[in-house]
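Input: a single structure, listed below in structure tokens.
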2 protein chains.
Amino acid sequence: MFSKGCEYAIRSVIFIANKSTEGERCTLQEISIGIDSPLAFTAKILQRLTKSDIVTSKKGPNGGFGISTNKINKTTLAEIIHIIDGSAVLNHCVLGLDQCSDTHPCPVHHKFLPIRNEILQLVHYTYLKEIVSDLSILNTYIRT
Amino acid sequence: MFSKGCEYAIRSVIFIANKSTEGERCTLQEISIGIDSPLAFTAKILQRLTKSDIVTSKKGPNGGFGISTNKINKTTLAEIIHIIDGSAVLNHCVLGLDQCSDTHPCPVHHKFLPIRNEILQLVHYTYLKEIVSDLSILNTYIRT
DNA sequence: TCTATTTCGGACAAAATAGTCCTTTATTAT
DNA sequence: ATAATAAAGGACTATTTTGTCCGAAATAGA
């Protein structure tokens, strides 16, 4: 569904948000271990999230990544997905047609439309805040 | 969602099924043009569909690909997807966890569960027969 | 100020996916 | 039989995705 980079991005942000909720910044290494992802590749992803102002970063000793309470409350999955994979990923035709719309639909367009809409709703209305609280409440995991 | 090969596979089979319904076999070239796909690559995909007994092929003059009425009635999208992309594609964790299940869920597992089930239902209960009839009835397209 | 720490950023490398090319094999019609 | 047609199959190439490596820049503490 999403690229590896996007998967790591979402898991990274959840990890950082969780730590930030506890008032702690975290380093790349902690994140990479915490979400079980390749360190250098994760670094690249975090750079993009930093430049896009989803997370904040600080160099040097006691540096690392963080995310403000405001961002935790207001950032949705959709924003992260958009930054890493772009908007096309959620609008790509199931059968790969360049043009696929209500007026020029592929053979499964109508069948997938409600599903696509549910996915769009889900990512646009799921905030980091909720996900982070689910971590402890629902016992969910960001690494195996 | 699916690989390019899988997209071409589904579109190819729909094209062939449509022709077969009209009692005509079709050649690789006709398929490639009909669904707007790279010819040689499509050939590879068709080989796999032939070996998996989804479509039939015949060499030589007046040869080409076809699909039996029985197969048109009984083949689902799930079967084609399974042959080309394998079963993992529909069960892959949204956040990329190797293990993601009801008992060891990623943070969005529960949220995506109903959507995943709808997708599974859709592909398992959508038969070629229905798709082919939609081609003319609903004016759907397998090329742009 | 010096050193250790940590992110930034660019170049590079590996792996997976997507796609091509060409020879062989089967089949049909002349 | 022969020639033409069309799929089968193997080797090869290109592109994209995924991932690494390393030096530079920033920052904090001794």
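By convention in this document, chain letters (A, B, ...) are assigned in the order of the sequence lines, proteins followed by strands, and residues within each chain are numbered from 1. Note that this is a predicted model, so its numbers are computed, not measured.
To the nearest angstrom, C1' of C:dA16 lies 17 Å from CD1 of B:Ile84. In this entry the distance linking CZ of B:Arg25 with P of C:dA26 reads 17 Å, nearest Å. Taking atom CD1 on B:Ile45 and atom C1' on C:dA18, their separation rounds to 9 Å, with Å as the unit. When the P atom of D:dA7 is taken as reference, atom CD1 of B:Ile67 falls 16 Å away, rounded to whole Å. Going from atom NZ of A:Lys4 over to atom P of D:dT18 covers 8 Å, rounded to whole Å. We find that CD of A:Glu24 is positioned 14 Å from P of C:dT6, with the value rounded to whole Å. Atom CG in B:Leu49 sits about 14 Å away from atom C1' in D:dA7, given to the nearest Å. For A:Phe41 and C:dC8, the CZ to P distance is 16 Å, given to the nearest whole Å.
The residue A:Leu28 sits close only to the backbone: its heavy atoms come under 4.0 Å of sugar-phosphate atoms, none of a base.
The shortest distance between the side-chain N/O atoms of B:Thr50 and the OP1/OP2 oxygens of D:dA7 is not below 4.0 Å. Distances shown here put every side-chain N or O of B:Tyr8 at or beyond 4.0 Å from the OP1 or OP2 atom of C:dA18. OP1 or OP2 of D:dA28 lies within a sub-4.0 Å distance of a side-chain N or O belonging to A:Lys58.
With values rounded to the nearest 0.5 angstrom, B:Thr56 atom OG1 is found 11.5 Å from B:Ile54 atom CD1.
At a cut-off of 3.5 Å, with distance as the only test, no side-chain donor of B:Thr42 or B:Ser32 sits close to an acceptor on the other residue.
When all heavy atoms of B:His82 and B:Ser87 are compared, the closest pair comes out as CD2-CB, 3.6 Å.
With C:dT6, D:dG9, C:dG9 as the choices, the nucleotide that has an atom nearest any side-chain atom of B:Gln47 turns out to be D:dG9. The A:Lys51 side chain lies nearest to C:dG9 when the options are C:dG9, C:dT20, D:dA7. Checking D:dT18, C:dT7, C:dT20 against every side-chain atom of A:Ser3, the shortest atom distance belongs to D:dT18.
Salt-bridge check for B:Lys111 with A:Glu118: failed, with every basic side-chain N at 4.0 Å or more from each acidic carboxylate O.
Ring geometry, A:His104 versus B:Tyr141: the interplanar angle falls under 30°, so the pair is classed parallel (tilted spans 30 to 60°).
Between A:Lys59 and A:Ala40, it is A:Ala40 whose nearest contact on DNA chain D lies nearer the 5' terminus. Checking A:Leu46 against A:Pro61, the closest nucleotide of DNA chain C that is more toward the 5' end is the one next to A:Pro61. For the pair A:Lys44 and A:Gly60, both in contact range of DNA chain C, the more 5′-proximal nearest nucleotide belongs to A:Gly60.
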